[in-house]
Each structure stands twice: as structure tokens, then as C-alpha cells.
Amino acid sequence: MSNRPALSYNEPIYPGGVLLKDHSCGELRKQHIGQEVTLAGWVHRRRDHGGMVFIDLRDREGIVQVVFNPQTAQQAYEVATSLRNEYVIQLSGEVTLRPRGTANANLDTGEVEVSVKKLAVLNPSPTPPFYINEDVDVDELLCLKYRYLYLRRQRLQRNLALRHRVIKFIRDFLDGRGFLEVETPILIKSTPEGARDYLVPSRLNLGKFYALPQSPQQLKQMLMVSGLERYFQIARCFRDEDLRADRQPEFTQCDVEMSFVDEEDILQLTEEMFTSLVKEVIPQKRMLLPFPRLTYREAMERYGTDKPDIRFGMELRDITDIALQTEFDIFHAAIKAGGTVRGICVPGCGSYTRHQMDELIGQATSNGARGLTTVSISSESSTSFKSTALKHITQAQLESIAARFDARQGDLLLIVADKPDVVNNVLDVLRREMADRLNLRDKNLLAFTFITDFPLLQWNDATNKWDVMHHPFTAPKDEDIALLDFDPASVGGRHYDLVCNGSELGSGSIRMHHRQLQEKIFTLLGYSSEEINQQFGPFLAALEYGAPPHGGIALGIDRTIMIFAGEQSIREVIAFPKNQNAVDMIFDAPSVVTRQQLDELNLTLKNKQIVKG
RNA sequence: GGCCCCGUGGUGUAGCGGUCUAACAUGCCACCCUGUCACGGUGGAGAUCAGGGGUUCAAAUCCCCUCGGGGUCGCCA
């Protein structure tokens with residue numbers, strides 16, 4: 001496969017049981033001048049001047065320039081002319097101050113260089129399938145197929161190092177607060193609710209299957225019953241659902257659970273952990289302190305979503321009352337059908353062209369709206385309007401609408417009339433779209449936000465059942481327990497989310513610790529007593545034996561690091577991610593298995609063609 | 001399962017009915033070059049324009065199908 005004649009490799013300069021290097025490339029500074037060093041690493045870039053060869057040598061710690069001069073080391077120089085990118089080399093030489101005027105301020109090691117005396121090629125390399133020394137976009141197929149090369153890029157190395165430091169910090173922080181890290185099993189029992197399970201067939205119990213954990217929820221609650229009091233785990237979780245830029249089939253959570261606490265304890269702990277984490281690993285980023293808190297209801301009203309990006313304004317405003325006074329049929333129809341009329345005010349976009357408006361209307365309709373009402377305010381006069389509904393709304397009504405939004409000259413109002421969830425969804429999408437267009441998202445700000453006071457339940461029209469907002473172990477608010485029997489929709493849950501810059505980073509709750517209440521919730525969710533017993537029997541039994549009040553939170557490590565690193569996809573912070581079809585592009589997993597393997601598991605495939613052999 | 005975007009030398013892009021015998025940058029190969037650092041210079045090789053079918057006098061370009069990659073809705077308690 002080599003696209004270049006293989007160069008035979010040389011014996012290392014210092015063979016034997018010690019490292020082939022005594023310094024890293026990135027660490028060399030002025031203080032090393034005069035030292036004889038041995039380095040090993042990859043050829044990052046070469047500059048062959050004919051009479052002299054410069055190589056940027058790269059290892060995990062950084063890059064240093066090494067110089068081959070035929071007058072000081074003829075043999076090394078001659079070998080150096082044959083070096084190519086990504087060759088693995090080892091060399092020894094003296095660290096020297098660069099000649100006056102040739103320092104490179106772009107390199108941390110730029111004041112020095114290594115004057116090479118001996119060179120060994122430890123392993124040559126074909127030309128890589130993409131640039132390793134430049135951070136240009138590469139087809140995702142190549143990134144994943146040649147993952148081991150993609151990871152050589154400095155950005156990916158930084159991301160993995162950041163990931164390490166984040167996890168290390170979390171472990172140290174929670175250790176310092178008296179938490180014990182406890183491992184829980186990966187092979188557990190499947191339960192049908194929630195996400196789809198990854199199943200693992202059992203050879204010793206033919207016809208039966210384990211499931212991989214979607215999260216260690218029941219296990220960590222049992223650890224509270226066991227008296228662990230403070231548990232955490234850097235836990236791998238598995239969900240067999242469709243992927244997104246921020247969703248992989250296996251992902252990592254910092255799973256935390258505490259006994260004898262209420263909401264405030266968990267929120268305080270989370271806030272302290274994240275503020276000190278940010279100060280430690282990315283001190284250049286700012287935060288809003290203390291973390292702003294929004295109730296679920298407040299978040300929906302002001303931002304139309306339960307994971308708002310509060311780095312910018314453009315908050316939603318309700319104009320249903322004004323809409324009722326207009327002659328605009330669309331508004332009236334929507335309100336009559338139980339809807340609302342709400343909108344956002346986009347600063348400075350009043351001069352948007354017909355084409356730009358059409359783009360926004362397209363975004364609105366593709367997200368479920370039937371249309372979008374726009375009101376442009378003239379940049380000359382705050383009472384001069386252009387609108388798609390100008391015929392149906394009076395000047396006075398337009399003025400009161402503009403006043404409702406605190407709109408100024410040159411602003412653009414985007415108004416949606418529909419059912420509340422459609423209105424909220426569309427305005428959330430438009431709000432984020434306009435923030436991107438206007439560059440309102442401050443990259444140096446981490447706007448952590450707690451969302452609290454979620455409803456416990458949500459009616460599902462499709463299944464004609466109550467769904468839980470979080471999971472079925474979340475406790476209802478004490479004062480709402482009586483409502484469970486006659487007004488479940490009004491019951492508040494002791495559930496909270498951590499949101500940052502529009503991403504949900506964590507989710508947790510205070511749990512139920514009494515069997516009776518837990519059973520009541522299961523029943524409300526539509527489980528029969530047989531189902532409850534079969535799926536949750538041992539868990540419910542555990543609650544009977546002196547389960548302490550407890551609660552916790554699960555924090556998404558991948559998303560946290562993605563945001564910290566400024567990446568658009570969690571694939572950039574995971575060493576070996578899967579593609580959109582959940583395929584491992586390096587090893588080609590999942591794959592067919594042999595007839596023998598299936599026989600051992602007493603499995604038959606419906607479509608026999610997909611068996612190997 | 002739905003919708004959207006993408007697929008052109010190794011890589012990243014341009015070209016969007018005729019000027020394409022496919023352009024540019026970089027990489028690759030050869031030669032020159034002793035202070036460069038995205039070194040520079042000269043020359044060269046390298047693409048059945050993802051695959052298949054269709055429309056047309058003419059297709060990288062328009063249409064359909066398939067494959068592959070990405071985004072998103074549903075889904076993710």
C-alpha cells in the first residue's frame with residue numbers, strides 16, 4: 001500500500017530498556033541550551049535548503065526545529081534529505097540558541113533549535129491520506145477510517161488532553177468532597193422503557209439477554225440504600241437511538257448520587273464543581289456567577305426552550321392580547337384553536353430583503369409553523385412599518401406591538417401564531433439562527449444555567465398515557481403529592497437540569513425513597529402491578545429497607561468537553577467515535593458473526609444471508 | 001422512516017449545458033538552493049468528475065435510481 005519505496009529503518013541510537021528519548025520536543029527552552037538531548041517523534045514538516053535541512057519534529061508535547069548541517073554531521077544530513085512527513089525518527093544533538101533574527105515567535109520552543117549529530121529513522125511512512133500538520137477540514141469518512149492519523153493533529157491531541165484533565169479534576173474534586181467512585185456492571189437487566197437497549201445474548205443462559213446500561217440509575221440509588229452516602233462514577237452509558245452531532249451510541253457521564261440532601265445541595269455541588277473546573281482547565285473563559293436559575297416555565301416563556309442559550313437577549317414576547325384586536329384572520333384562527341401569538345425582536349434586521357425574509361419563513365415552516373409574520377421597522381422612523389400583515393393590522397396596533405418588544409428603529413419583528421409548543425419551537429430556532437447571523441454568541445462566555453421546577457409528568461396524546469419528564473424515579477414536590485390523584489399535569493417534579501450555551505449538560509433529581517410513592521408513580525405511568533413487580537421488584541424491595549432520602553445528577557462529559565474545546569461535534573472529543581449509522585469505521589463494527597458463534601448462543605437470524613462463513 | 005446538504009487528481013476547493021484535451025492551492029516525484037519556519041525556484045506525474053441509467057446534437061454541469069458521508073425532524077424515560 002505504500003506510495004513510496006520503503007526505507008529500511010535504522011537501529012535506535014540508544015537501544016535497550018530505556019526510553020528512546022530523554023526530552024520531549026515541546027519542552028525545550030533557553031534553559032536547555034548547551035545540553036545534549038535525544039529526541040524522538042514524527043516529522044511534522046521539512047524544509048530542505050539544499051545545503052541545509054530543517055525539520056519540525058513533533059511529539060505529544062509540541063514541536064521543535066531540528067537542524068541538519070553537513071558540516072557538523074555529514075551522515076545525519078544525508079539521511080535527513082530523505083525524510084518525509086510522518087516518518088518516525090530519533091535523533092541526538094545539542095540544544096542551541098537560534099542565530100540572531102531567526103527565532104520563531106509562533107513556536108513555544110522558537111528561541112532554540114537542536115543541532116543534530118546523529119539521526120535514526122525508526123519507521124518511515126507513506127504520504128498520509130490527509131494533512132496532519134494543517135487543521136483543514138477532512139471528509140468525515142477519512143477522519144474515522146484513519147482515526148489514528150486524525151488523532152495526531154494537534155487540535156485533537158489538545159482535546160484529548162483537555163478531556164483527561166477534566167476527568168482528573170472531577171475525580172479529585174469529588175474525592176475531596178468525600179465521594180467514593182464505585183463501578184457498576186455493564187451487563188445488566190433490560191427494562192423496556194426509555195431508550196432502546198443494546199442487548200447482549202447470554203451463552204450460559206440460552207435465550208436470555210443482558211442489556212448495556214442506559215445509565216446506572218437504579219444501581220446508584222441502591223448504593224444509597226447500601227449506605228454509601230456519596231457515590232460518583234465516570235460511567236459509560238449506551239443508548240441504541242439515532243445519532244446526532246452531540247449524540248453517540250456510547251457516551252460518558254459523571255454520575256453522582258448523595259444521601260440526605262435536597263435540590264440545593266446538588267445544585268451547589270454542581271456549581272462549585274463546574275466553576276472550579278473551568279478555572280482550572282480553561283481559565284480564559286468567563287462565567288455568569290452565581291449560575292443563573294430559571295424555572296422551566298420561565299425558560300419556556302422567555303426562550304421557548306428548556307435549554308436556553310442566555311448569552312444573548314432576543315427574548316420571546318407574547319402579543320396574543322394585541323393580536324386579538326387586529327383583523328388578521330391567521331392570528332384569530334390560531335388563538336381560537338388554543339394557540340398563542342408570540343415573537344422575537346431582531347435588532348438591526350429591519351432592512352432584510354425579500355430573499356432573506358423567505359429564508360426565515362422557510363426555517364419557520366420547516367420547523368412546524370404554517371407561516372411567519374414579519375414586521376420591519378424603518379431605520380428612519382420608529383413608527384414606519386413594513387409588514388406581511390399590513391392590511392390587517394392598524395398603525396396603532398403595530399405601534400403597540402413594537403412597544404411590547406421594546407423595538408427600535410431598524411429592528412425586525414418575527415411573529416408566529418400557532419399552538420404554544422409550535423410557537424416556542426419555531427421562535428427558539430429563529431432566535432438561535434439570528435444570533436448566529438448577528439454573531440451574538442460570545443465564544444469566551446460559558447453561560448451555565450440551572451433549569452428547575454420541571455413538571456413531573458407530561459400527557460402523551462399518541463400513547464394516551466402520562467410520560468415522565470425526566471425518569472420515573474424523580475420525586476414529586478412534597479406539596480403536590482396530593483395532586484397526583486386528580487391533576488397530575490400540575491404536579492411539580494424535584495428535577496433540575498444544567499444547561500450551558502444552549503446545550504443540556506446534565507440532568508438530575510431528588511428521588512423517591514418510599515416504596516409506596518414510587519409504586520404510585522409507576523401505576524400512574526400505566527404499569528400493571530405484575531409489570532412493576534417484574535421490572536422493579538428488587539428495587540422497590542430495597543426502598544423498604546431504610547432507603548435514605550437521596551438525589552443526584554448525571555453530567556455529560558462528552559458535551560462538556562465539546563463546549564469547553566469549542567467544537568461543533570462530540571466526535572472531536574472522543575478518541576474512537578462511530579459514524580452517523582453507529583458504525584465503527586476503523587474495525588467495521590458491528591459485523592456479522594460465524595454460524596458457530598450463533599449456535600453457541602442458540603440464535604437464528606431471520607435473514608440468513610447476513611451470517612459470516 | 002421523513003426532510004436538507006455534500007461526493008471533481010493524495011487532500012481541500014473552483015467549474016454548474018458547448019471555451020473542460022477539467023482549473024487553483026497544497027501534497028507527491030526530480031533537479032537547484034547553507035538560516036528557513038506554510039522556505040523559495042524550475043520542471044514533471046497524477047482525475048474513467050462516487051456508481052448506474054436517462055434527457056440532449058452536446059452532460060462534471062439537467063433529471064431519476066443506487067451507494068457513501070454529514071446535518072436535522074421523529075427518536076433520545
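All chains are named by letter (A, B, ...) in the order of the sequence lines, taking the proteins before the strands, and each is independently numbered beginning at 1. Only heavy atoms go into these numbers, but all of them, side chains included; no hydrogens, no water, no symmetry mates.
Not counting sequence neighbours, the partners of A435(A) by the side chain to side chain contact (heavy atoms under 4.5 Å, CB included) test are F312(A), M314(A), L440(A), R441(A).
Checking each of R511(A), Q214(A), H495(A) against H471(A) for a side-chain hydrogen bond (donor to acceptor under 3.5 Å, both in side chains) leaves exactly one that passes, namely R511(A).
Pairing of C31(B), defined by two Watson-Crick or G-U wobble distances under 3.5 Å, is identified with G41(B). Searching all strands for a Watson-Crick or G-U wobble partner of C20(B) with both distances below 3.5 Å returns nothing.
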Stepwise, does the side-chain hydrogen bond (donor to acceptor under 3.5 Å, both in side chains) test hold for D497(A) with S507(A)?
CA-CA 4 Å; D497(A) 276 359; S507(A) 194; 2.7 Å; yes
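A salt bridge links R196(A) with E241(A); the closest basic N to acidic carboxylate O contact falls under 4.0 Å.
For D139(A), the side-chain atoms get nearest to G69(B) when compared with the rest of A77(B), G69(B), C28(B).
Within 4.0 Å of R244(A), counting heavy atoms only, lies at least one base atom of the nucleic acid. Within 4.0 Å (heavy atoms only), R571(A) reaches sugar-phosphate atoms of the nucleic acid but no base atom. V138(A) comes within contact range of the sugar-phosphate backbone alone, with a heavy-atom separation under 4.0 Å but no base atom that close. Among the heavy atoms of the strands, none lies under 4.0 Å from V136(A). Residue contacts shown for S215(A) include a base, since a base heavy atom lies under 4.0 Å away. D242(A) comes within 4.0 angstrom of a nucleotide base, judged by non-hydrogen atoms across all strands.
Of all the residues in residues 488-497 of chain A, not one reaches under 4.0 Å from RNA chain B with any non-hydrogen atom. Contacts between residues 510-524 of chain A and RNA chain B, defined by a heavy-atom separation below 4.0 Å, involve no residue at all. Less than 4.0 Å separates RNA chain B from no heavy atom of any residue of residues 531-538 of chain A. The stretch residues 360-372 of chain A has no heavy atom under 4.0 Å from RNA chain B, so no residue of it qualifies as close.
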B/S/- along nucleotides 34-40 of chain B (protein heavy atoms under 4.0 Å) is BBBBSB-
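A donor-acceptor contact under 3.5 angstrom links the side chains of R47(A) and Q65(A), judged on distance only.
Evaluation of atom-type donor-acceptor distances gives a pair under 3.5 Å for the side chain of R247(A) against the base of C75(B).
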